[in-house]
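Here the structure comes first, spelled out in structure tokens, and everything after it is commentary.
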Amino acid sequence: MEYNFQSIEKKWQAHWKEQGSYRVKEDTNKKKFYILDMFPYPSGAGLHVGHPLGYIASDIFARFKRHQGFNVLHPMGYDSFGLPAEQYAIQTGQHPAITTEKNIARYREQLDKIGFSFDWDREVRTSSPEYYKWTQWIFKTIYNSWFDNTTQKTMPIASLIEAFEKNGNYNVSPACDDNWHASLLELKNNEGQPLYFFGANWNGEFTATDWQSMNEEQRYHLLMCFRLTYLADSMVNWCPALGTVLANDEIKDGVSERGGHPVVQKKMRQWSMRISAFAERLLNGLDTIEWPENIKEIQRNWIGKSEGATVFFDLEKHQEQIEVFTTRPDTLMGVSFLTLAPEHPLVSQITTDEQRSAVNEYVEKAALKNERDRQVQSKEMSGVFTGAFAIHPFTQKQVPIYIGDYVLAGYGTGAVMAVPAGDQRDWDFAKHHNIPMVLIFENHDASEGACTSKEVPLIHSDFLNGLCGSEAFNKMIEALLEIQHGNRKVNYRLRDAVFSRQRYWGEPFPVYFKDGQAQMIDDQQLPVTLPEVDKYLPTEDGEPPLARSQWKYDNQFVMEYNTMPGWAGSSWYFLRYMDPQNNDFIASKEAMNYWGQVDLYMGGAEHATGHLLYSRFWTMILHDLEHIPFGEPFYKMINQGMILGRSSFVYRIKDTNQFVSADLRKEYNTQQLYADISMVDNDKLDIEAFKNWLPEYQNAEFILNEKGEYLCGFEVEKMSKSKYNVQTPDELVEKFGADTLRCYEMFLGPVEQSKPWDTKGINGVHNFLRRMTRLYQNDEGVILVVNTPAEKPSLQTLHRAIKKVTDDLNRFSWNTVVSSMMIAVNELTEQKCHSKEVLDNMAILLSPYAPHLAEELWEIAGNTSSVMDQSWPIALKEFLEDDTFSYPVSFNGKMRFNIDLSVQLNAADVEKAVLAHEKTAHYLEGNTPKKIIVVPKRIVNIVM
RNA sequence: GCCCUGGUGGUGGAAUCGGUAGACACGCAGGACUUAAAAUCCUGUGACCAUUGCGGUCGUGCGGGUUCAAGUCCCGCCCGGGGUACCA
């Protein structure tokens with residue numbers, strides 16, 4: 001019988017479904033293995049061949065682990081809240097839930113065809129109320145928590161209140177914004193008086209008595225400064241025309257990517273998550289997990305730890321100080337000016353009357369640019385002198401103060417001390433504005449640029465003269481502490497994460513507002529479900545879509561009309577798979593204790609600074625609060641690469657309707673046009689299909705090459721509809737079968753590498769499966785499997801394959817496994833081996849890669865059980881080694897010939913045998929060997 | 001600029017610990033079978049030189065180095081992919 005993959009795959013998929021083969025339960029007698037794929041957003045376009053790459057790899061690994069006796073949790077679900085469904089709803093009025101449902105059905109159909117071993121009973125969808133009930137619960141939990149800087153741990157907010165009751169905020173160090181107390185002083189009560197009783201110079205300390213005398217409103221705002229999710233005014237990219245906030249990557253050249261509308265910077269009251277408190281934990285945790293080094297690096301950079309010092313500069317004519325952060329306190333003696341961000345709060349206060357108009361103009365100009373624009377600006381170091389001077393803390397000399405938009409308000413203190421001798425940017429700024437430099441490095445000629453090395457001894461630096469590096473760094477910090485003008489400081493780039501979105505299709509907040517204060521809705525009333533709206537657009541006065549519903553809590557209190565961002569649901573979904581139907585908790589303690597951390601996480605590297613950071617953040621919080629038994633969500637991670645498309649091109653001669661074959665196109669002036677890859681086979685164009693493709697090509701004429709063919713050009717690029725290079729898995733499953741597709745995607749190369757999709761090679765893999773089939777059955781359907789014992793060479797072939805396949809899977813080398821199995825099948829075919837003892841083991845080896853065919857072959861060989869239930873074969877040592885080894889013999893490192901010798905021989909005997917060999921004399925050319933290197937079972941090298 | 005990756009035949013890739021570079025496929029060329037095509041099978045296939053056979057030289061982005069031995073280790077460059085940035 002021919003390899004009839006269509007009927008085989010249909011048969012076994014139905015069988016597995018009927019048997020519930022992939023259902024999994026906690027079983028404390030078995031070791032667990034949790035292998036997870038990043039769940040997809042179910043887009044309307046469906047899957048292309050790139051999407052299942054990671055799923056295939058993880059599915060193979062899950063099946064391998066099952067054979068090894070592990071209890072494997074391998075679930076799948078959908079990240080089903082998101083923008084595309086909402087956009088579609090705006091255009092068509094169709095409810096996003098309906099669109100999402102449809103897309104999920106299509107995804108499921110496509111996934112099912114590929115034969116994945118997901119336990120679909122555990123499916124989760126982030127948009128289902130049963131699921132987002134717990135997203136809301138986690139939000140509330142985070143709201144009711146604070147972070148203790150001393151112990152570096154999340155604590156319930158009640159414990160902070162208790163501390164305040166006892167000692168005010170003495171002896172307690174909750175994570176918060178540096179100037180949290182300043183923002184409280186701006187608040188007013190109903191009478192328009194300051195809400196708090198602290199004077200304008202309050203430094204943030206308060207006593208137990210202060211706390212006890214606070215009213216409920218005062219305590220609300222005070223606590224908000226310490227909660228791990230909090231309401232605060234933050235700068236957002238507001239697009240008035242679209243009525244929504246845009247993410248940075250939704251803006252191109254200062255206008256919205258969609259529609260090209262202007263975008264302005266606006267302060268909005270938003271929920272934020274205090275991820276900045278976890279900077280150090282997130283950084284250190286990376287050392288405890290096995291992730292690809294590049295992802296760890298991306299996260300480290302994103303967290304952006306820098307160690308340095310805070311320095312306070314007194315002002316010449318004002319009480320206030322300017323606080324700067326620097327990583328080079330050792331260069332403090334070289335300060336020639338300070339630069340403030342245009343938004344710095346002291347700017348208007350210190351600017352002199354002569355400079356005021358210039359400064360105002362500059363500040364206004366800067367406000368029009370968003371942060372990203374500003375960074376793209378030219379290198380000409382724009383800035384304006386404020387007219388004010390600071391006083392150098394050591395030399396007491398005047399230091400001019402500038403503003404410049406290269407200083408960002410959002411990083412550090414929004415102010416920098418400039419040392420032109422030691423920083424290239426400061427050097428550029430000084431040159432441009434003709435500010436005198438202070439030279440502080442030995443032998444440094446500052447006419448060319450700054451000296452950025454830390455290893456050059458200092459000069460003109462008073463007590464630091466002659467020192468450099470960390471010695472100077474530490475000595476300066478000591479000196480700063482002594483004169484009380486600075487201290488050691490660690491700064492992080494990581495910012496708190498905005499958690500509000502002005503969208504419809506996302507999780508609603510379990511929050512309403514009473515007297516302007518946010519109130520959490522009781523756990524018993526969760527989930528708070530999405531209300532119906534007439535349109536999925538913002539209201540006329542710019543409120544989010546949910547406001548259209550006139551939604552009220554208890555019929556009187558305004559609800560929070562924002563929704564949660566996309567990363568909310570995906571930050572904890574791996575927990576829900578453990579116990580997806582649980583109504584009492586995110587998952588039962590038993591289930592979480594059993595399944596624990598994800599052992600292997602497979603997904604794209606593009607989530608490095610989003611999902612992969614946020615889910616670590618939430619896991620740490622939940623772990624600290626003892627809701628879950630582990631502190632890092634994903635132990636081992638592998639990033640699959642992207643599969644790129646191979647686009648085909650035709651070449652039209654300019655201003656004609658003539659197309660010229662790619663190999664002849666240089667002779668003409670041509671225009672390159674896409675041709676759909678379905679009309680191209682082996683770069684040869686199906687001319688008739690092309691003519692019928694689009695009306696404009698109907699009367700096209702073709703200049704063929706000498707073989708009478710029309711060749712297409714090609715390019716490797718991202719798969720996309722507009723490039724006509726999308727290859728769907730469905731077509732390939734139809735044509736070659738799921739097993740072939742699975743093997744081929746693995747055979748393409750290492751999973752973590754990006755590579756072009758090219759269907760050319762798929763025949764080779766398909767042939768391999770056919771040759772495998774022929775070991776069991778000839779083309780007439782006669783079963784060849786025999787019960788006679790196998791010959792030694794066949795057993796050697798088998799056991800070598802077992803060893804190689806097992807080793808390669810253990811080191812996640814999916815591609816080489818296919819090669820090893822091909823080699824085994826080629827050898828067994830040559831040996832005409834049809835022995836059941838060999839073939840049964842071969843079927844088990846094959847089953848992770850080609851599960852349908854493996855089941856079929858297992859059955860053909862006369863077995864009644866399922867191949868999936870068989871334990872993984874063990875490679876027997878006696879069949880792994882030959883009696884002889886073919887030694888390569890090299891002369892001065894050049895390999896000349898092989899000699900077969902018994903593996904029993906020791907190095908001296910090998911040397912003797914080689915020297916006795918007839919060819920040795922020839923290659924010695926009369927020389928005496930100076931040295932002979934023998935590495936047993938590897939190589940012989942003769943040095944002359 | 002900085003950080004992370006990668007660079008091997010016509011193509012995808014293999015070489016796991018410093019030990020025979022190019023496994024396994026694709027493609028291509030030639031042959032067998034066939035009226036023919038497909039399918040299948042066989043042979044060859046890194047480049048260059050020599051071919052009557054034996055064989056020889058070069059070769060893993062480039063230039064150096066360490067070593068008996070380097071795709072693999074070290075130093076200095078070049079190019080591609082990704083991340084990030086007036087980050088103080």
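All values below come from the heavy atoms of this structure, side chains included, with hydrogens, waters and symmetry mates left out. Below, chain A is the first sequence line, B the second, and so on; all start at residue 1. As the structure is a computational prediction, the values presented were derived from the model and not from experiment.
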Checklist line | More than 12 heavy atoms from other groups under 6.0 Å of CD on Q424(A) | finding: yes

Margin query: Base, sugar-phosphate or nothing for V935(A)? Non-hydrogen atoms, less than 4.0 Å.
Written below: base

Note to self: Can you tell me if Y923(A) touches the phosphate of G55(B), counting only side-chain N or O atoms and a distance under 4.0 Å to OP1 or OP2?
What the structure shows: no

Check: G6(B) phosphate, OP1 or OP2: any side-chain N/O from Q753(A) under 4.0 angstrom?
Finding: no

Next item on the list: Give a yes or no on this: more than 12 heavy atoms of other residues, nucleotides or ligands lie within 6.0 Å of atom NZ of K803(A).
Entry: no

Margin query: Looking only at side-chain N and O atoms, does T816(A) offer a donor or acceptor that is under 3.5 Å from a partner on S813(A)?
Written below: yes

Check: So what's C62(B) paired with, Watson-Crick or G-U wobble, going by both distances under 3.5 Å?
Finding: G76(B)

Next item on the list: Whole angstrom is fine here: how far is it from CD1 in I939(A) over to C1' in U20(B)?
Entry: 6 Å

Next item on the list: Check whether the side chain of K894(A) and the base of U20(B) form a donor-acceptor pair under 3.5 Å.
Entry: no

Item checked: Option from H344(A), H433(A), H432(A) for which ring-ring contact (aromatic ring centres under 6.0 Å, His included) with Y402(A) holds -> H433(A)

Notebook entry, point to check: Which value, in whole Å, describes the distance between the P atoms of nucleotides C87(B) and G10(B)?
Noted result: 44 Å

Checklist line | Side chain of K760(A) - closest among U16(B), G27(B), G12(B) | finding: G27(B)

Check: Does a side-chain N or O from R425(A) land closer than 4.0 Å to OP1 or OP2 of C87(B), or not?
Finding: yes

Item checked: Gap between atoms CG and P, on N898(A) and A21(B) respectively (whole Å) -> 10 Å

Note to self: For C87(B) and N491(A) - does any side-chain N or O of the residue sit under 4.0 Å from the phosphate oxygens OP1/OP2?
What the structure shows: no

Notebook entry, point to check: Using purine N1 to pyrimidine N3 plus N6-O4 or O6-N4 for Watson-Crick, or N1-O2 and O6-N3 for G-U wobble, each under 3.5 Å, what pairs with U40(B)?
Noted result: A32(B)

Note to self: Please determine whether a side-chain nitrogen or oxygen atom of N763(A) lies at a distance below 4.0 Å from atom OP1 or OP2 of A39(B).
What the structure shows: no

Margin query: Nearest to the side chain of R493(A), heavy atoms from C-beta on, is which of C87(B), A88(B), C24(B)?
Written below: C87(B)

Next item on the list: Using the P atoms only, state how far C2(B) lies from U8(B), rounded to an integer number of Å.
Entry: 25 Å

Margin query: Using atom P in both nucleotides, what's the gap between G63(B) and A14(B) to the nearest angstrom?
Written below: 25 Å

Margin query: For the NZ atom on K912(A), are there more than 12 heavy atoms of other groups (residues, nucleotides or ligands in this structure) within a distance under 6.0 Å?
Written below: no

Margin query: Could you identify the nucleotide paired to G1(B), looking across every strand shown and requiring Watson-Crick or G-U wobble geometry with both distances under 3.5 Å?
Written below: U84(B)

Notebook entry, point to check: Looking only at side-chain N and O atoms, does R938(A) come under 4.0 Å of OP1 or OP2 in A69(B)?
Noted result: no

Margin query: Of the options A25(B), U5(B), G27(B), whose atoms approach the side-chain atoms of E293(A) most closely?
Written below: U5(B)

Note to self: Should the side chain of N941(A) and the base of C68(B) be counted as holding a donor-acceptor pair, with the cut-off at 3.5 Å?
What the structure shows: yes

Note to self: Expressed as a whole number of angstroms, how long is the span from K804(A):NZ to U16(B):P?
What the structure shows: 9 Å

Margin query: Measure CD/E297(A) against P/A85(B) and give the value in whole Å, please.
Written below: 15 Å

Margin query: Let's test this: given Watson-Crick or G-U wobble pairing with both distances under 3.5 Å, identify the partner of U52(B).
Written below: none

Margin query: Anti or syn, where syn is a glycosidic angle within 90° of 0; which label fits G9(B)?
Written below: syn

Notebook entry, point to check: Between G19(B), A14(B), A21(B), which nucleotide gets closest to the side-chain atoms of M895(A)?
Noted result: A21(B)

Next item on the list: Determine the contact category for D423(A): base if any of its heavy atoms lies under 4.0 Å from a base atom, sugar-phosphate if only primed atoms, P, OP1 or OP2 are that close, otherwise nothing.
Entry: nothing

Margin query: For a quick check under 3.5 Å, do S382(A) and Y362(A) share a side-chain donor-acceptor pair by atom type?
Written below: yes

Margin query: Only pairs with both distances under 3.5 Å count, Watson-Crick or wobble alike; so what is the partner of A21(B) in this structure?
Written below: none

Next item on the list: Go through A88(B), C87(B), G13(B) for me and flag the one nearest to the T327(A) side chain.
Entry: A88(B)

Checklist line | Rounded P spacing from C73(B) to G18(B) in Å | finding: 8 Å

Check: Counting only side-chain N and O atoms of N826(A), is one of them less than 4.0 Å from OP1 or OP2 of A25(B)?
Finding: yes

Next item on the list: Identify which nucleotide among U16(B), A14(B), A88(B) has an atom closest to any side-chain atom of F325(A), counting heavy atoms from C-beta outward.
Entry: A88(B)

Check: Who does G10(B) pair with, Watson-Crick or G-U, both distances under 3.5 Å?
Finding: C26(B)

Next item on the list: Using both distances under 3.5 Å as the test, list the Watson-Crick or G-U wobble partner of A69(B), or none.
Entry: none

Checklist line | Nucleotide of U84(B), U20(B), C68(B) approaching P888(A) most closely (side-chain heavy atoms) | finding: U20(B)

Note to self: The side chain of I823(A) is closest to which nucleotide in this list: A23(B), C4(B), U84(B)?
What the structure shows: A23(B)

Next item on the list: Mind checking R771(A) for me? I need base, sugar-phosphate or nothing, with any heavy atom below 4.0 Å counting as a touch.
Entry: sugar-phosphate

Next item on the list: Take the protein atom CE of M822(A) and the nucleotide atom C1' of A14(B), then report the distance between them rounded to whole Å.
Entry: 13 Å

Notebook entry, point to check: In whole angstroms, how far is the C1' atom of A69(B) from the CG atom of N892(A)?
Noted result: 10 Å

Next item on the list: Establish, for the pair R616(A) and W291(A), whether the NZ or CZ atom is under 6.0 angstrom from the six-membered ring centre and no further than 45 degrees off its axis.
Entry: yes

Checklist line | Between U11(B) (C1') and K755(A) (NZ): distance, integer Å | finding: 15 Å

Checklist line | Nucleotide G19(B), atom P - distance to CD1 of I899(A) in whole Å | finding: 22 Å

Next item on the list: Check whether the side chains of T884(A) and D900(A) place a donor and an acceptor atom closer than 3.5 Å, and report yes or no.
Entry: no

Next item on the list: Check every strand shown and say whether P756(A) touches a base, only sugar-phosphate, or nothing at a heavy-atom separation below 4.0 Å.
Entry: nothing

Next item on the list: Determine the interatomic distance between C1' on G71(B) and the same-named atom on U60(B); round to the nearest Å.
Entry: 5 Å

Next item on the list: With heavy atoms under 4.0 Å as the rule, sort Y402(A) into base, sugar-phosphate or nothing.
Entry: nothing

Check: Any idea which of G56(B), U40(B), A25(B) is nearest the R770(A) side chain?
Finding: U40(B)

Note to self: Just confirming the chi classification of C17(B), syn or anti, using 90° around 0 as the syn window.
What the structure shows: syn

Notebook entry, point to check: Do you know which of F736(A), F768(A), W757(A) makes ring-ring contact (aromatic ring centres under 6.0 Å, His included) with Y744(A)?
Noted result: W757(A)

Next item on the list: Could you work out the separation of A15(B) and G9(B) based on their C1' atoms and round it to a whole Å?
Entry: 15 Å

Notebook entry, point to check: Reckon D808(A) touches a base, only the sugar-phosphate, or nothing at all at heavy-atom distances under 4.0 Å?
Noted result: base

Check: What nucleotide, of C24(B), U57(B), A15(B), holds the atom closest to the side chain of S819(A)?
Finding: C24(B)

Check: P atom, U16(B) versus U11(B): distance in rounded Å?
Finding: 22 Å

Notebook entry, point to check: Partner of U57(B) by Watson-Crick or G-U wobble geometry, both contacts under 3.5 Å, or none?
Noted result: A47(B)

Next item on the list: Please measure how far the P atom in G12(B) lies from the corresponding atom in G7(B), and state the result in whole Å.
Entry: 12 Å

Notebook entry, point to check: More than 12 non-hydrogen atoms from neighbouring residues, nucleotides or ligands closer than 6.0 Å to CG on N906(A), yes or no?
Noted result: yes

